[in-house]
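Below you'll find the structure, written out as structure tokens, and then a few comments.
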Amino acid sequence: MKILVTGGAGFIGSNFIHYITKQHADWKVINLDKLTYAGNLENLKGFKESPSYRFIKGDITDRVQVDSLLRDGVDIVINFAAESHVDRSIQDSSPFIDTNIKGTQVLLEGIRKNQVKKYVQVSTDEVYGSLEIGKSAENASLLPNSPYAASKTSADLLCRAYWKTYGLPVMITRCSNNYGPFQFPEKLIPLVITNALEGKDIPVYGDGMNVREWIYVEDHCRALECVILKGSPGEIYNVGSNIEKTNLDIVRFILKELDKSESLIKYVTDRPGHDRRYALDASKIERELGWKAAISFKEGMKKTVQWYIDNKDWWQRIKSGEYTGYYDRMYVGR
Ligand code: NAD
Ligand code: TDX
């Protein structure tokens with residue numbers, strides 16, 4: 001089996017490559033990544049020498065490059081490549097439109113012309129928008145509130161259209177908030193852990209009572225494997241854990257784990273259009289594909305905190321700008 005992983009140098013993509021190569025030693029993995037500020041080949045140290053892994057620096061919006069890769073023969077395409085940070089999308093939505101929408105369209109067109117058995121679009125719970133009560137099932141209304149969420153929703157709709165119009169073997173997964181190793185320290189959990197380790201302020205937006213559903217990244221990777229192996233073309237699968245936490249719950253858990261004072265918490269201006277709560281009904285993937293999140297919040301968080309303690313070099317190089325040569329200070333160490 002030959003699988004094209006786009007965005008494999010990012011947080012979830014690199015965890016997926018670690019996971020899938022362990023599960024399927026005979027699969028060949030091609031990682032196509034643009035290496036934006038969020039892409040980091042250090043996440044895949046050790047794969048360089050592997051004969052079943054190949055890295056290609058490239059852009060999913062590049063039709064010629066995508067076509068030539070697919071013409072070579074690929075069985076599965078899984079698309080992680082995206083601009084993924086809501087705050088950045090509020091500053092400038094342009095790269096979100098290019099990569100998340102145009103990039104998905106280029107991949108779909110490439111698949112239309114070449115023989116690919118399955119395409120998985122890695123999407124998000126943010127497409128459903130904010131909800132006060134209840135949970136979003138796959139047929140809930142799409143009400144994205146940030147430019148990021150709107151770009152992901154647009155990509156989902158393109159996927160649906162390519163399935164309906166051309167019968168492309170497209171499957172969409174919509175997962176809740178991930179956490180774990182290799183997450184870029186602009187997102188809440190790695191930002192809080194690394195700032196706390198450095199004794200820096202922890203910025204909490206608004207009243208800190210916004211709720212997210214948190215899933216350990218390996219559970220997400222296992223769900224994606226399940227969808228690749230058992231999912232049906234044209235279907236959408238929510239991937240959730242049922243573990244809902246306020247942002248303050250998360251911050252307090254981490255500070256306690258690191259034996260740091262809550263005086264580090266600084267309440268800052270709220271994110272514009274900040275969604276109050278996301279919650280997924282993931283019963284379809286549980287019922288139809290037999291997947292269920294397995295890692296508890298306590299276990300996942302303890303592992304994650306320990307990983308950032310053990311891998312200071314990794315995040316310090318990012319925060320100092322040494323690795324990417326670019327780091328937007330707006331999001332770190334306020
Ligand atoms: P990330 O920002 O850590 O990684 C994105 C990767 O995509 C990077 O390696 C980057 O270099 C690459 N990339 C960006 N533009 C590209 C382009 N034009 N061509 C090729 N590569 C490009 O993101 P992540 O958190 O790992 O998220 C991966 C996917 O999962 C995204 O599609 C995101 O929307 C989705 N998702 C994320 C979460 C979460 O909690 N992080 C939850 C649900 C869904
Ligand atoms: O400094 C911060 N302070 C703060 O209070 C940051 C970075 C975040 N927050 C809040 C905003 C959110 O309510 O924490 C919550 C989580 O924020 P993010 O880590 O930015 O994640 P979120 O906006 O929920 O989006 C994430 O989950 C869905 C991913 O970044 C998306 O890619 C994914 O689709």
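We number each residue from 1, following the sequence as shown. In listed order, ligands and their atoms are each counted from 1.
- Proximity of a side-chain donor or acceptor of D62 to a complementary backbone N or O of Q65 within less than 3.5 Å is detected.
- Considering only non-hydrogen protein atoms, atom 40 (O) of ligand 1 sits nearest to N178 N, 2.9 Å.
- Note: no N/O pair closer than 3.5 Å links K187 and ligand 1 by distance alone.
- For atom 30 (O) of ligand 1, the closest non-hydrogen atom of the protein is V122 CG1, 3.5 Å.
- Counting heavy atoms from C-beta outward, R63 and Q105 have side chains that approach closer than 4.5 Å.
- Contact analysis leaves F184 out of contact with ligand 1, as no non-hydrogen atom separation drops below 4.0 angstrom.
- Ion pairing between a basic and an acidic side chain is recognised when a charged N comes within 4.0 Å of a carboxylate O; R174 and E126 show no such pairing.
- Salt bridge status for E198 with K319: present, with a side-chain N to carboxylate O gap under 4.0 Å.
- Considering both main-chain and side-chain atoms, N177 never comes within under 3.5 Å of ligand 1 through any nitrogen or oxygen pair.
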Requested in this report: Just do the side-chain contact (heavy atoms from CB on, under 4.5 Å) check on T246 and N210 with the steps written out, would you?
Outcome: CA-CA 5 Å; T246 66; N210 301 67; over 6 Å; no

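- Considering backbone and side-chain atoms alike, E83 places every N or O at 3.5 Å or more from each N or O of ligand 1.
- Taking all heavy atoms of A82, A9, G39, P95 into account, the minimum distance to atom 7 (O) of ligand 1 is reached by A82.
- Against a heavy-atom cut-off of under 4.0 Å, A81 is close to the following atoms of ligand 1: 7 (O), 20 (C), 21 (N), 22 (C).
- Below 3.5 Å of separation, one finds no N or O of T61 facing any N or O of ligand 1.
- Residues V5 and F55 have side chains not in contact (no heavy-atom distance under 4.5 Å, counting atoms from C-beta outward).
- Residues W214 and L188 have side chains in contact (heavy-atom distance under 4.5 Å, counting atoms from C-beta outward).
- Remark: minimum distance from atom 19 (N) of ligand 1 to any protein heavy atom is reached at I60 N, 3.0 Å.
- Listed by number with element, the atoms of ligand 1 under 4.0 angstrom from any heavy atom of G58 are 19 (N), 20 (C).
- Among protein heavy atoms, atom 3 (O) of ligand 1 sits closest to F11 N, 3.0 Å.
- Remark: K284 qualifies as a cation-pi partner of Y237 under the 6.0 Å distance and 45° angle criteria applied to the six-membered ring.
- Near H274, with a cut-off below 4.0 Å to any heavy atom, the atoms of ligand 2 are 11 (C), 12 (C), 13 (O).
- Salt-bridge check for R271 with D87: passed, with a basic side-chain N closer than 4.0 Å to an acidic carboxylate O.
- Around atom 17 (O) of ligand 2, the closest heavy atom drawn from R212, K187, R271 belongs to R271.
- Each of the following atoms of ligand 2 lies closer than 4.0 Å to a heavy atom of E186: 7 (C).
- The nearest heavy-atom contact from the protein to atom 4 (O) of ligand 1 is G10 CA, 3.4 Å.
- Within the listing of ligand 2, atoms 5 (O) sit less than 4.0 angstrom from a heavy atom of V204.
- Residue-level proximity to ligand 2 for V86 is carried by the side chain, the only part with a heavy atom below 4.0 angstrom.
- Residue Y148 places a heavy atom less than 4.0 Å from ligand 1.
- Atoms of ligand 2 lying under 4.0 Å from at least one heavy atom of Y148, given by number and element, are 31 (C), 32 (O), 33 (C), 34 (O).
- Closest heavy-atom approach to atom 26 (C) of ligand 2 among the candidates D207, I215, N177: N177.
- A cation-pi arrangement is present between R112 and Y166 under the rule of less than 6.0 angstrom and at most 45 degrees off the ring axis.
- Heavy-atom separations between S123 and ligand 1 include at least one value shorter than 4.0 Å.
- At a 4.0 Å heavy-atom cut-off, ligand 1 does not touch H220 at all.
- For the pair R276 and M209, the minimum side-chain heavy-atom distance is below 4.5 Å.
- Listed by number with element, the atoms of ligand 2 under 4.0 Å from a non-hydrogen atom of H85 are 20 (O).
- Looking at heavy atoms from C-beta onward, V116 lies out of side-chain contact with K118 at the 4.5 angstrom threshold.
- Screening H24, E225, H220 for a side-chain hydrogen bond (donor to acceptor under 3.5 Å, both in side chains) with Y19, the sole residue that qualifies is E225.
- Side-chain contact between T124 and V127: present, with at least one pair of heavy atoms (C-beta onward) separated by less than 4.5 Å.
- Geometrically, K245 engages F297 in a cation-pi contact defined by less than 6.0 Å to the ring centre and at most 45° from the axis.
- Partner of E257 under the salt bridge (Lys or Arg N to Asp or Glu O under 4.0 Å) criterion, out of K298, K302, R252: K302 alone.
- For ligand 2 and T124, the ligand atoms under 4.0 Å from any heavy atom of the residue are 28 (C), 33 (C), 34 (O).
- A donor-acceptor pair under 3.5 Å links the side-chain atoms of K230 to the main chain of L289, judged by distance alone.
- The N/O atoms of T124, backbone and side chain alike, include none that comes under 3.5 Å of an N/O atom in ligand 1.
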Practice prompt. Show the numbers, then the answer: is there a ring pair (Phe, Tyr, Trp, His ring centres under 6.0 Å) between F182 and H18?
Written response: CA-CA 11 Å; F182 303 118; H18 282 280; 5.7 Å; yes

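- Of the heavy atoms in L35, only backbone atoms (N, CA, C, O) come closer than 4.0 Å to ligand 1.
- For atom 21 (N) of ligand 1, the closest heavy atom belonging to the protein is K34 N, 3.1 Å.
- For atom 29 (C) of ligand 1, the closest heavy atom belonging to the protein is F80 O, 3.3 Å.
- With a heavy-atom cut-off of 4.0 Å, S176 touches ligand 1 through its backbone alone.
- Under the 4.0 angstrom criterion for non-hydrogen atoms, G103 is not in contact with ligand 1.
- Looking from atom 2 (O) of ligand 1 to the surrounding protein, the closest heavy atom is S84 OG, 2.7 Å.
- Below 4.0 Å from some heavy atom of P203 lie the following atoms of ligand 2, by number and element: 1 (O), 2 (C), 3 (N), 4 (C), 5 (O).
- With a 4.5 Å cut-off on side-chain heavy atoms, F47 and I17 count as touching.
- By heavy-atom distance, the residue among D98, I12, T173 lying nearest atom 39 (C) of ligand 1 is I12.
- The heavy atom nearest to atom 2 (C) of ligand 2, out of those in Y179, Y205, F11, is found in Y205.
- Classification of E286 and K292 as a salt-bridged pair holds, one side-chain N sitting under 4.0 Å from a carboxylate O.
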